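Presented below is the structure to which this report refers.
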Amino acid sequence: MKKSNLTGYGLALGGLLVCVGGASHPHGPMDSPESHVIGMLEDPTWVPTHTIALVGTAIIAASLIALARSGVRPAKVTPFLVVAAVGAALATIEYVPHIAAKLELDALRAGEAAPITRTHEVLAAYSGPVFGFGSALLALVVAITATRRLSLWALVAIPGIVGGIAGGLAVPLLLVTRDVQMTLLFPGVAGVAVFYILLGIGVARGAVLSTPKPDDARTEDLPAPTGPPVPAPA
């Protein structure tokens with residue numbers, strides 16, 4: 001199996017796991033941000049659902065890095081792969097205090113200091129926008145640079161763009177406004193996950209972001225000849 005196939009299937013698997021984790025994500029009351037968090041932490045599914053999402057996000061990060069390092073064509077997509085990979089890596093790191101916030105449930109109920117939860121919020125304020133907006137930009141660039149089935153990839157990009165923008169805005173808006181209604185933006189991550197599933201399938205099948213073979217050198221990639229021209233034999 002080619003490396004590009006493994007990378008593509010990795011993206012698809014990572015997106016699928018994020019979808020599974022998000023679909024079973026606990027819900028909290030909408031009275032206030034504090035009660036919302038406490039209600040979710042009280043749910044026994046908090047740890048397993050976020051662990052599944054963590055694994056999926058880590059796989060997405062690793063797959064994006066591998067794709068960026070593979071010399072993918074068109075080359076102009078590579079910087080956007082790197083940005084999205086950095087966002088996915090940050091989101092993976094953020095999941096650690098995110099999950100560990102469960103340990104502070106009693107402290108949150110009592111209104112006491114909760115440093116793990118605060119660490120999760122600070123990290124999410126950065127990882128959310130980088131991963132969300134980075135994925136949205138990647139989806140847009142993939143659609144623009146597609147050489148085949150442009151209308152199809154334009155449709156594939158929609159959940160990535162819409163979901164990425166929503167997910168990227170969720171935490172900053174929630175922290176600034178303290179309006180619990182901003183949590184309704186979090187499901188946008190599902191759109192990003194759907195985009196990575198479809199992108200991964202496209203990469204695995206060679207339908208988008210192709211990886212050149214070692215012997216697939218183009219004329220413009222070859223070094224220009226130097227020195228005087230060699231006369232043709234008589």
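None of the values given here were measured: they were computed from a predicted structure.
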Inset, instruction - Check the surroundings of atom CZ in F186: do more than 12 heavy atoms from other residues, nucleotides or ligands lie under 6.0 Å from it? - result: yes
Legend entry - Same cluster (ILVMFWY, side-chain, under 4.5 Å), V192 and L90: no
Legend entry - Distance in Å, L199 CG paired with L67 CG, rounded so as to fall on 0.5 Å steps: 7.0 Å
Legend entry - Criterion side chain to side chain contact (heavy atoms under 4.5 Å, CB included) on D179 and L174, from CA distance to verdict: CA-CA 6 Å; D179 183 355; L174 177 61; 5.8 Å; no
Inset, instruction - Report whether I65 and I93 are members of the same hydrophobic cluster (ILVMFWY, side-chain heavy atoms less than 4.5 Å apart, transitive linking). - result: no
Legend entry - V189 reachable from I161 in the ILVMFWY side-chain graph, under 4.5 Å edges: no
Legend entry - Residue of the set L16, T57, L64, I201 for which side-chain contact (heavy atoms from CB on, under 4.5 Å) holds with Y196: L64
Legend entry - Spacing of L41 atom CG and W46 atom CH2 [to the nearest 0.5 Å]: 5.0 Å
Legend entry - Enclosure of R178 CZ (heavy-atom neighbours >12, cutoff 6.0 Å): yes
Inset, instruction - Starting at CE of M40, measure out to OG1 of T49 and round the result to the nearest 0.5 Å. - result: 10.0 Å
Legend entry - Minimum side-chain heavy-atom gap L138-V83 below 4.5 Å: no
Inset, instruction - State whether the number of non-hydrogen atoms from other residues, nucleotides or ligands found under 6.0 Å of R118 atom CZ is greater than 12. - result: yes
Inset, instruction - Please name the pair of heavy atoms, one in Y95 and one in A53, separated by the smallest distance, quoted to 0.1 Å. - result: OH-CB, 3.4 Å
Legend entry - V72 with F195, same ILVMFWY side-chain cluster at under 4.5 Å: yes
Legend entry - T51 side, atom OG1; H98 side, atom NE2 - distance, nearest 0.5 Å: 10.5 Å
Legend entry - Check: P115 and E104 side chains under 4.5 Å, non-hydrogen atoms: yes
Inset, instruction - Determine the interplanar angle of the H50 and H25 rings, folded into 0 to 90°, and report it as parallel if under 30°, tilted if 30 to 60°, perpendicular if over 60°. - result: perpendicular
Inset, instruction - For residues L105 and E42, determine if any side-chain heavy atom of one lies less than 4.5 Å from a side-chain heavy atom of the other. - result: yes
Inset, instruction - Please name the pair of heavy atoms, one in A68 and one in V82, separated by the smallest distance, quoted to 0.1 Å. - result: CB-CG2, 4.0 Å
Legend entry - Check: T183 and M30 side chains under 4.5 Å, non-hydrogen atoms: yes
Legend entry - Sub-4.5 Å side-chain heavy-atom contact between T117 and P97: no
Inset, instruction - Evaluate the side-chain proximity of E34 to L108: yes if any heavy-atom separation is below 4.5 Å, no if none is. - result: no
Inset, instruction - With side chain to side chain contact (heavy atoms under 4.5 Å, CB included) as the test, would you mind laying out the steps for E121 and V171 before giving the verdict? - result: CA-CA 8 Å; E121 291 178 348; V171 175; 5.9 Å; no
Legend entry - C19 and I197, any side-chain heavy atoms less than 4.5 Å apart: yes
Legend entry - Closest non-hydrogen atom pair between A125 and L175, with its separation: CB-CD1, 3.8 Å
Legend entry - Minimum side-chain heavy-atom gap T45-S24 below 4.5 Å: no
Inset, instruction - Give a yes or no on whether V55 and I52 share a hydrophobic cluster (residues Ile, Leu, Val, Met, Phe, Trp, Tyr; joining criterion: side-chain heavy atoms under 4.5 Å apart). - result: yes
